[in-house]
Amino acid sequence: MNKVTKAVIPAAGLGTRFLPVTKALPKEMLPIIDIPNIHFIVEEAVKAGIKDILIIVSSTKESIEDYFDVNYELESRLRKSGKDKEADEMRKIAEMANVMFIRQREPKGLGDAILYAKSFANGEPFAVLLGDDLIDFDEAPAIGELIDAYEKTGGTILGCKRVPQHLLKKYGVVKPKDKSDAALFEVCDMVEKPKDPSLAPSDVAVLGRYILPPEIFDVLETTAPGVGGEIQLTDAIKASMELRPCYSCIFTGTRYDIGDKFGYIKAIIDYALKREDLKDEVLAYLKEKTK
Ligand code: G1P
């Protein structure tokens, strides 16, 4: 069995839920305090042992490339003013992974974006991490838990969590093959964004993490546009279940939907409360506000 050594991060979306800021700033660069959210996504992959990362961008996303590049001028200015620690930190970002970029030519959906990773994957299974899903983990990075599940089963792996009924319409929802409370179970069908909770086959939603097999590209090439007129990754995964079993892996970290404004605010508060330099002040402020 091939090991998972590569990750793909689709980052070509228009970010319409966060206009007007995304008119000029990629949503992946929205900061969780002082760190752009895509930094955490790349870090999650790196902590799971992945070094080669392909970010699929669109024409207005140069700042993501700049962020993962070396900025010689900034580093030299920092060093000249005695800020070696800060300069080293800037260099570490550029060296944390082998980050590559490719442009999706038209916004034709997540499935279409993934197709751009075909030659990068080069016949190997690969991880996919969606930037809207920020996952805070203490020990095991979520994508690492999915890699373990892949190594155990050899199947396609979907990173999932149980979500409240009224939120199921936002996600791909899995149908378990057999009734199960286990953290890892086989899936026999999926419904993309069920309009009504009664159309959802369970309360287990796919939350932005996948281990996909190389044959997904052949399937994607023949996948017709689905929900919203876009080429849906969910449709291709469903079709690929005939070729290889598919599993839902309930990951352990805390997930934030930072494509949603309230989800983004929650992430900022929680990350601030975990930081030694901020937590006391932020906590005191929140207490005062909620008196
Ligand atoms: C995508 C997928 C959906 C998944 C979701 C996770 O939807 O199509 O199956 O549940 O990501 O966040 P999007 O949110 O990009 O519309």
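Both ligands and their constituent atoms are indexed starting at 1 by order of listing. Given the structure is predicted, the values throughout are model-derived calculations rather than measurements.
M190 does not count as a contact of ligand 1, since none of its heavy atoms falls under 4.0 Å from the ligand. Heavy-atom distances between G208 and ligand 1 reach below 4.0 Å in at least one pair.
Between K170 and ligand 1, no pair of N/O atoms sits closer than 3.5 Å. For ligand 1, the polar-atom distance check finds an N/O of G172 within less than 3.5 Å of one of the ligand's N/O atoms.
Aromatic pair F217/F126: ring centres closer than 6.0 Å.
Cation-pi contact between K177 and F185: absent, since separation from the ring centre below 6.0 Å together with deviation from the ring axis within 45° is not met.
With distances taken over non-hydrogen atoms, the option nearest atom 1 (C) of ligand 1 out of L158, L130, V227 is L130.
In the hydrophobic cluster analysis, where Ile, Leu, Val, Met, Phe, Trp and Tyr join through side-chain heavy atoms closer than 4.5 angstrom, Y256 is grouped together with L30.
Per-residue contacts place T234 under 4.0 angstrom from the following atoms of ligand 1 (heavy atoms of the residue considered): 9 (O).
For the residue pair Q104/D112, the side-chain donor-acceptor check at 3.5 Å is satisfied. The closest side-chain donor-acceptor pair between Y264 and D257, if any, does not fall under 3.5 angstrom.
For atom 15 (O) of ligand 1, no protein heavy-atom neighbour is present inside the 4.0 Å cut-off.
Among protein heavy atoms, the minimum distance from atom 7 (O) of ligand 1 is reached at K193 NZ, 3.2 Å. From the protein, the heavy atom lying nearest to atom 8 (O) of ligand 1 is E192 OE2, 2.7 Å. Shortest contact from atom 4 (C) of ligand 1 to any protein heavy atom: V206 O, 3.4 Å. Remark: minimum distance from atom 12 (O) of ligand 1 to any protein heavy atom is reached at D133 OD2, 2.9 Å.
Heavy-atom contacts from other residues, nucleotides or ligands closer than 6.0 Å to CZ of R105 number 12 or fewer.
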**Study point:** D196 and K169: CA distance, side-chain angles, deciding distance, salt bridge (Lys or Arg N to Asp or Glu O under 4.0 Å) verdict
**Key:** CA-CA 7 Å; D196 184 275; K169 60 174 185 260; over 6 Å; no
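Looking only at side-chain heavy atoms (C-beta outward), Y247 and T156 stay at 4.5 Å or farther from each other.
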